[in-house]
Amino acid sequence: MKDITISDSIIYTGVDDKTIDLFESQYVVPNGISYNSYIILDDKTAIMDTVDKRGTSEWLANVKNTLGDRKPDYLVVSHLEPDHAGNIQTLAEMYPDMKIVGNAKTFAMIGQFFDMELSDDKKVTVGEGDTLELGSHTLQFFMAPMVHWPEVMVIYEQSEKVLFSADAFGKFGALDTDEDWTCEARRYYMNIVGKYGAPVQALLKKASTLDIQTICPLHGPILGEDLGYYIGKYQVWSSYEPEDEGIVIACASIHGNTMEACKKFAEILTEKGAKKVSIFDLARDDMAEAIEDAFRYDTLVLAAASYDGGAFPCMEDFLYHLKSIDIRIFDICYQHIRKLIPNSLQSF
Ligand code: FEO
């Protein structure tokens with residue numbers, strides 16, 4: 001198990017996945033992904049989420065190693081998506097006396113994922129602001145619906161001032177990856193949580209009332225210093241305001257001619273003093289990276305060859321993603337681009 005120190009009584013038990021080809025079957029993760037899980041050891045023991053089934057055996061070994069002879073009293077489920085909840089049933093069957101802590105939506109949804117009987121005495125249903133005493137540690141629950149699914153909640157541990165933030169503040173990349181947080185956290189946020197700016201803003205408002213010293217997300221590193229930086233990034237990203245000045249040229253070229261035009265255009269923009277110009281070949285480059293930069297920079301140029309009476313399909317795919325994550329576009333050029341957009345996307 002990795003030695004990731006949170007405190008003597010809050011232990012990291014998650015796993016890295018460096019063999020997955022596509023996270024959520026759509027995102028390339030060249031440095032893998034971590035499925036984070038934690039155990040709080042006190043008079044009562046609480047496991048904070050499980051992991052994806054891809055990491056079951058390593059995770060169970062971590063759990064047993066951390067618990068020793070003890071048994072878990074609680075499994076706290078902050079998010080039911082299978083990359084975190086994949087082992088709920090396994091754990092419940094291993095520890096039949098363990099109680100599962102969730103909110104009303106958690107228990108309304110859990111039957112969609114598991115074929116398990118969960119009697120009322122095995123469920124602890126929590127609501128906004130409720131607390132659960134473990135001994136010297138106290139968990140407080142805050143609902144965070146649609147950050148990223150309806151049942152999501154975050155948990156604040158009062159004595160050590162730790163926020164278990166579910167998908168929020170997560171990042172692509174296994175924990176043994178030495179890379180900048182911001183780039184892969186932004187790509188993760190824009191593509192996975194980007195649609196839910198208003199719920200993220202609501203969560204940030206709640207978080208602002210708490211004295212947080214550590215953030216424990218479900219993916220990526222534990223954040224213990226300079227929290228204002230990370231929270232500030234989330235404020236910008238969830239507001240749909242551009243983060244930086246720059247021009248993104250998203251190009252859908254069939255035979256290379258549209259790409260040549262885009263490169264020429266980029267040259268002219270640079271000559272005229274544009275501080276940052278980046279071109280994406282939508283047929284080949286990482287779509288998630290293109291989406292990330294479309295959010296990040298303040299100007300977006302779309303250039304597509306026509307195809308079957310519409311835009312070349314990789315442009316339609318790009319537009320689909322922009323629409324689905326609710327990017328805000330306020331540029332007059334949109335009126336011209338609109339002519340290229342299929343009818344199904346005219347509400348974009
Ligand atoms: Fe990491 Fe929404 O699951």
Side-chain angles (χ1 to χ4, degrees), residues 4 12-38 47-56 58-59 75-89 91 100-103 105-110 112-114 141-155 163-175 177 181 184-204 215-223 230 234 237-238 288 291-292 321 324-326:
I4 296 167
Y12 179 81
T13 50
V15 300
D16 275 351
D17 184 352
K18 300 185 80 166
T19 59
I20 193 167
D21 58 345
L22 294 171
F23 180 67
E24 286 191 357
S25 294
Q26 58 177 326
Y27 302 113
V28 294
V29 281
N31 293 318
I33 186 100
S34 70
Y35 311 117
N36 297 349
S37 164
Y38 310 87
I47 298 177
M48 310 300 285
D49 291 293
T50 77
V51 300
D52 193 286
K53 278 188 170 176
R54 294 171 55 82
T56 298
E58 183 183 344
W59 177 72
L75 168 64
V76 178
V77 179
S78 71
H79 186 13
L80 268 175
E81 192 164 6
D83 51 332
H84 311 293
N87 287 282
I88 290 178
Q89 185 163 359
L91 200 71
I100 296 180
V101 182
N103 55 63
K105 287 180 191 161
T106 316
F107 293 118
M109 291 169 64
I110 200 167
Q112 298 174 35
F113 298 94
F114 302 103
F141 301 88
F142 296 94
M143 303 303 112
M146 301 318 298
V147 184
H148 156 227
W149 276 17
E151 84 301 351
V152 170
M153 61 183 185
V154 301
I155 300 100
L163 182 71
F164 296 91
S165 62
D167 274 338
F169 301 99
K171 170 187 164 297
F172 293 129
L175 292 195
T177 305
W181 180 86
E184 282 296 72
R186 185 193 293 108
R187 190 168 69 97
Y188 176 91
Y189 176 89
M190 299 306 183
N191 286 276
I192 292 178
V193 193
K195 179 181 177 72
Y196 307 112
V200 171
Q201 292 263 307
L203 175 59
L204 292 173
I215 296 176
C216 290
L218 288 176
H219 301 287
I222 286 88
L223 307 174
Y230 304 109
Y234 259 60
W237 297 343
S238 59
I291 297 293
E292 175 195 347
H321 285 286
S324 69
I325 56 179
D326 203 20

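Remember, predicted model here, so these are calculated numbers, not experimental data. Order of appearance sets the numbers: ligands from 1, and atoms from 1 within every ligand.
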- Using the six-membered ring wherever Trp is involved, compare the ring planes of His148 and Tyr196 and label them parallel, tilted or perpendicular (cut-offs 30° and 60°). tilted
- Task: Mind telling me whether Phe172 and Tyr188 have parallel, tilted or perpendicular rings, with 30° and 60° as the class edges?
- Result: perpendicular
- Query: Does any N or O in the side chain of Thr177 come within less than 3.5 Å of the main-chain N or O of Gly173, such that one atom is a donor and the other an acceptor?
  - Reply: no
- Would you say His84 has an N, O or S atom lying under 2.8 Å from atom 2 (Fe) of ligand 1? no
- Task: Measuring from atom 2 (Fe) of ligand 1, name the closest N, O or S atom belonging to Asp167.
- Result: OD2
- Task: Locate the shortest heavy-atom distance separating Val51 from Ser37; write the atom from each residue and the value.
- Result: CG1-CB, 4.0 Å
- Query: Is there a ring pair (Phe, Tyr, Trp, His ring centres under 6.0 Å) between Phe169 and Tyr230 once you walk through the steps?
  - Reply: CA-CA 7 Å; Phe169 301 99; Tyr230 304 109; 7.5 Å; no
- Examine all N, O or S atoms of His79, backbone included, and report whether one is under 2.8 Å from atom 1 (Fe) of ligand 1. no
- Task: For atom 2 (Fe) of ligand 1, find the closest N/O/S atom belonging to Glu81 and write down its atom name.
- Result: OE1
- Does Asp83 bring an N, O or S atom to within less than 2.8 Å of atom 2 (Fe) of ligand 1? no
- Item | His148 atom (N/O/S) at minimal separation from atom 2 (Fe) of ligand 1 | ND1
